[in-house]
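This is a predicted model, so every value here is computed, not measured. Just the heavy atoms: all of them, side chains too, but no hydrogens, waters or symmetry mates, feed the values below.
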Amino acid sequence: MSTYEPRHVNAEVWTQIADVVREAVLCITARDSTAKKYCSHAAAFVAWAFVEGSELTQDSVFTHDMIDRYIQLGMAQALDSTRATRRSILRRLARHCSPALANVPDPSPIPYRRLRAPYAGTQVAAYIRLASAQPTPGRRRSLLAVLALGLGCGLDCGDLAWVRGCDVNLALDGAVSVRVCGGRRPRSVVCLGRYEAQLLSLAEPDGKDLLIGGRTLGRHNVTSVTLGRLLQDRSLPPLVVGRLRSTWLLSHLQANTPLSLIMTAAGLQTVRPLEDLLHHLPELPASDVVAALRGPA
């Protein structure tokens, strides 16, 4: 455990928080195999608290209020199941770090967050036009990248912080794919055909910068910073990456893409988010319904 270094925490930050993390984990276990699991969760939490300006002591960091703030703000984009697991582990650590918390009851379960509504086709077209109206080339590229990665590949805020120019690949058959090289759902996603050219035009084979702008891989607020710099159109609803992802998911549902492929490409662990989109699907003509339910001849 003395040599443990988390991959998801900046090296300079880790030098500042390592002692606090190790002391907290040793309060609950001394077994290296178990400690590494706790260290991974504790490191992410303490790194967030450090960036937020918290005092680096166990009594200041490992409190239920701080943990709840982290789950709500620091993990806002994470899956509900992931947030629930981390909250449970961090609270277990807090109880061992501070005996006064031993008898504090567990909080209510984290409520399910419904998937954001997809954008209409006219709104998507308006956002693409808005990209060309941005005042600088850098902002035009950033907005085009957000749109291409969200609408074409279904990436969310956490994913966007892990995609560089060198992570865009062109296959021999012309298909374009994007590799999410880190984060909580590393994977490769094949881009929808209508966004391939846009994505290729933004990517450089040896590009080490993030497609949406910036150079720090995994930076938790890079998407909000990027969107905050863009020229907005008040006639349009706010641009939300989650709604771009929903639009991508709906495109695949309308195209009858097999659910197993959608879930793998989206990094989903449950079909519940897809259920949130069912009422957005157009009704089929009666003849198509009968043919679909009868199955192949």
Inset, instruction - Can you see which heavy atom on Cys153 is nearest to which on Val178, and at what distance? - result: SG-CG2, 3.8 Å

Inset, instruction - Considering only NZ, NE, NH1 and NH2 on the basic side and carboxylate oxygens on the acidic side, decide whether Arg187 and Asp159 come within less than 4.0 Å. - result: yes

Inset, instruction - Determine, stepwise, if the pair Ser60 / Thr57 fulfils side-chain hydrogen bond (donor to acceptor under 3.5 Å, both in side chains). - result: CA-CA 5 Å; Ser60 299; Thr57 64; 2.8 Å; yes

Legend entry - Short N-O contact, Arg243 and Asp156, less than 4.0 angstrom: no

Legend entry - From Leu244 atom CG to Leu149 atom CG, the distance as rounded to the nearest 0.5 Å: 10.0 Å

Legend entry - Listed once per pair and sorted, the salt bridge (charged side-chain N to carboxylate O under 4.0 Å, His left out) pairs that draw on residues 164-180, sequence neighbours left out: Arg164-Asp167, Asp167-Arg179

Legend entry - N/O donor-acceptor pair under 3.5 Å between Ser132 side chain and Arg129 backbone: yes

Inset, instruction - Would you check if the side chain of Ser88 reaches a backbone N or O of Ala84 as a donor-acceptor pair within less than 3.5 Å? - result: no

Inset, instruction - Kindly compute the distance separating CG (Leu130) from OG (Ser235), expressed to the nearest 0.5 Å. - result: 8.5 Å

Inset, instruction - Take Arg116 and Thr247 through the test side-chain hydrogen bond (donor to acceptor under 3.5 Å, both in side chains) and record every step on the way to the result. - result: CA-CA 9 Å; Arg116 293 180 179 272; Thr247 307; over 6 Å; no

Inset, instruction - Assess the side chains of Ser251 and Arg194: does a donor N or O sit below 3.5 Å from an acceptor N or O? - result: yes

Legend entry - Side-chain heavy-atom pair Met66, Trp48 within 4.5 angstrom cut-off: yes

Inset, instruction - Quick one: closest heavy-atom pair of Asp68 and Arg87, and the distance? - result: OD1-CD, 3.9 Å

Legend entry - Check: Ser177 and Val189 side chains under 4.5 Å, non-hydrogen atoms: no

Legend entry - Partner residues of Tyr127 under the ring pair (Phe, Tyr, Trp, His ring centres under 6.0 Å) criterion, sequence neighbours left out: Tyr119

